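Computation of the quantities below employed the complete heavy-atom set of this structure, encompassing side-chain atoms and omitting hydrogens, waters and symmetry-equivalent molecules. All figures in this text were calculated on a predicted structure; none of them were measured in a lab. Chain letters run A, B, ... following the sequence lines, proteins first, then strands; residues in each count from 1.
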There are 2 protein chains.
Amino acid sequence: MQTGLPKFHSIFSVDCVVFGFEDGVLKILLVERNEEPFNGWWALPGFFVQHDEGIDYAAERILYELTGLRDIYMEQLYTFGDVNRHPEGRVITVAYYAMIRLSGKNELHPTSNIVKKAFWHPIADLPKLGFDHTEIFEKSLDKIKRKISYQPIAFELLPEKFTLTQLQNVYEAILNKKLDKRNFRKKMLNYGILKELDEKQRGVSFRAAALYKFDRRKYAKLFQKELSFMKD
Amino acid sequence: MQTGLPKFHSIFSVDCVVFGFEDGVLKILLVERNEEPFNGWWALPGFFVQHDEGIDYAAERILYELTGLRDIYMEQLYTFGDVNRHPEGRVITVAYYAMIRLSGKNELHPTSNIVKKAFWHPIADLPKLGFDHTEIFEKSLDKIKRKISYQPIAFELLPEKFTLTQLQNVYEAILNKKLDKRNFRKKMLNYGILKELDEKQRGVSFRAAALYKFDRRKYAKLFQKELSFMKD
DNA sequence: ATATAGGGTGTATTTATTACACTAAGCGAA
DNA sequence: TTCGCTTAGTGTAATAAATACACCCTATAT
């Protein structure tokens, strides 16, 4: 084995930018580190990839170990490979971004002791993060800003049943700008990928809004792969 | 050094999909391998990243060693990390895509003996490639198909001075469909990012077309970062 | 001079995008 | 029960962008 392979080996890791939407605000998941380097600092959840696991699998495993989250939407973002990005040696990291429905009490249970805790933090005022994690976060935000305009990723942040206003709030939070309510609804409903339910919001102290769900089947049929959401 | 780093190390490599445009056809650069595995096969130019070099730098170095090409447009594409993608061991590869102006006699001079030769091959009928390189190529093509609609990458494939028809041919080759001549020209000129030169094509046996060049300065001014080319 | 091959041009139609403001419904408090 | 509050829900006109479409022009070669 490894006949022609070189002698210099390196280490690689995975880091995850996990987006959640709560209180009308876009948040990401941070951990408080419990190890050098950057012990006590906040950082993205991330760890080393094992020799015998694929990187996509590693991303899922690491996210689970550091936060208790699993089975969520996740895509590879970019690979960061500067020689000096890790203070203790050459570590190349493959960054992933992920999205999750935050339904009230999403408890975060790290099962690994390499972090003290995991918590959600609004993206608006992120603190300084360890490593090059601020750069990784910024790249992931750019990515979803673009992606939300041609792939139905906004739904990953919402509960199964949602109102049009909630959906609009997700778009506004990601694009970081206000959208016109009438135009937004007209456009969104025109795509024909939402199913209106015979059900209304409950427990609100004002007029209850109609609930919708994303119709994956219609989406797949109408647009082989993508559509052009929210051009600007 | 390497205090808290794990003991299992891995190997990573870089593979490049280099696009060129010649005879109205989109081509990529292949090498004929001179080493196991896949000795004698055709593959993308790629090799191992050194322990002390950044991956972007490694991509440039490897491309130069395997083809003699340098200083060309190059962007990271995606990282392929399946456990078994390399038959001789765990090798994670970071793929890059690149674009180059093919001006008549672009001679390819590998300076490394890990390849027998390098050559251009039309993307229309690519042969079977070693490793997972076919998958890497397909992903890169998807990427540039999307990217050409919002970033001025088509110009990277053309000489400094080009005609509108040549530009249209690049779009058609990448998008793999015919475009309307009048609409294409109207749209392209409207962006205001082309400078018409006081010069015409020479050496053609028919009416000479006007030459244009891409005006990077105007582009940067008008659109902070991008525009919306060729929506469909 | 004429044949050839690609260069270059305009308009009408359709579709998408934008801007914009009021009434409706449900709940809670008085 | 009424009133006030808060969010839901709705339409149209104007503008801009995308599309479909066919002929004459011009340089060269023969």
Side-chain angles (χ1 to χ4, degrees), chain A residues 21 23-25 148-150 158-159 161-173 175 177-213 222-223 226-232, chain B residues 21 23-25 145-146 148-150 158-159 161-173 175 177-213 222-223 226-232:
Chain A
F21 185 71
D23 309 326
V25 168
I148 202 178
S149 74
Y150 63 90
L158 290 171
K161 303 170 180 182
F162 52 83
T163 69
L164 289 177
T165 300
Q166 288 168 341
L167 184 59
Q168 182 175 344
N169 288 340
V170 169
Y171 274 86
E172 290 178 341
L175 297 174
K177 68 176 176 195
K178 284 258 164 251
L179 300 173
D180 179 87
K181 182 159 69 159
R182 278 180 290 193
N183 292 340
F184 179 84
R185 294 160 98 95
K186 195 194 323 175
K187 195 163 180 180
M188 204 44 81
L189 293 173
N190 264 355
Y191 293 139
I193 58 170
L194 296 182
K195 184 193 288 180
E196 183 168 4
L197 304 174
D198 284 336
E199 205 181 337
K200 297 203 170 269
Q201 239 178 346
R202 303 191 47 152
V204 288
S205 70
F206 45 79
R207 175 175 178 184
L211 290 170
Y212 291 81
K213 61 197 275 192
L222 288 177
F223 316 86
E226 71 186 45
L227 41 83
S228 178
F229 281 122
M230 304 287 108
K231 188 171 177 188
D232 218 351
Chain B
F21 186 71
D23 309 325
V25 168
K145 269 186 189 172
R146 170 171 304 287
I148 202 177
S149 75
Y150 63 89
L158 290 172
K161 303 170 180 182
F162 52 84
T163 69
L164 289 177
T165 299
Q166 287 168 342
L167 184 59
Q168 183 175 343
N169 288 340
V170 169
Y171 273 86
E172 289 178 340
L175 298 173
K177 68 177 177 195
K178 284 255 164 257
L179 300 173
D180 180 87
K181 182 160 69 159
R182 279 179 289 192
N183 293 339
F184 179 85
R185 295 162 96 93
K186 197 192 324 174
K187 197 165 178 179
M188 204 45 83
L189 292 173
N190 264 354
Y191 293 140
I193 57 171
L194 296 183
K195 184 192 288 179
E196 183 169 3
L197 304 174
D198 284 336
E199 205 180 337
K200 297 202 170 270
Q201 238 179 346
R202 304 190 49 155
V204 288
S205 71
F206 43 81
R207 175 178 177 182
L211 289 170
Y212 291 81
K213 60 198 275 193
L222 287 177
F223 316 86
E226 72 185 46
L227 41 81
S228 178
F229 281 122
M230 305 286 108
K231 188 171 174 186
D232 217 348

Mind checking whether A:Met188 and A:Tyr212 have side chains closer than 4.5 Å, heavy atoms only? no
Quick one: B:Gln166 CD to C:dG6 P, roughly how many Å, whole number? 13 Å
Using a 4.5 Å cut-off on heavy atoms from C-beta on, say whether the side chain of A:Lys177 contacts that of A:Leu179. yes
With the side chain defined as heavy atoms from C-beta on, B:Arg207 is closest, among C:dG28, C:dG8, D:dA8, to C:dG8
To the nearest Å, give me how far apart CD (A:Gln201) and P (C:dC27) are. 11 Å
What is the separation between atom CZ on B:Phe184 and atom C1' on C:dG10, rounded to the nearest whole Å? 18 Å
Give the rounded distance in Å between these two atoms: CG of B:Asn190 and C1' of C:dG10. 13 Å
For the residue pair B:Arg207 and B:Gln201, what are the closest heavy atoms and their distance? O-OE1, 4.4 Å
Looking at B:Thr165, I'd like to know whether one of its side-chain N or O atoms comes within less than 4.0 Å of OP1 or OP2 on C:dG7. yes
Is there a side-chain contact between A:Arg185 and A:Thr165, using heavy atoms and a 4.5 Å cut-off? yes
Measuring only between side-chain heavy atoms, which start at C-beta, is A:Tyr150 closer than 4.5 Å to B:Arg146? yes
Between C1' of D:dG4 and CZ of A:Phe206, the distance in whole Å: 15 Å
Give the rounded distance in Å between these two atoms: OH of B:Tyr212 and C1' of C:dG7. 10 Å
Interface polar pairs with nucleotides 20-22 of chain C, N/O, under 3.5 angstrom:
unit_1, atom_1, unit_2, atom_2, d
C:dC20, N1, A:Arg182, NH2, 3.4
C:dC20, N3, A:Arg182, NH2, 3.1
C:dC20, N4, A:Asp180, OD2, 3.4
C:dC20, N4, A:Arg182, NE, 3.4
C:dA21, N1, A:Arg182, NH1, 3.4

Distance check needed: D:dC21 P versus B:Leu179 CG, whole Å only. 15 Å
Set of ring-ring contact (aromatic ring centres under 6.0 Å, His included) partners for B:Phe162, sequence neighbours left out: B:Phe155
For atom CG of B:Leu211 and atom P of C:dG7, their distance in whole Å: 11 Å
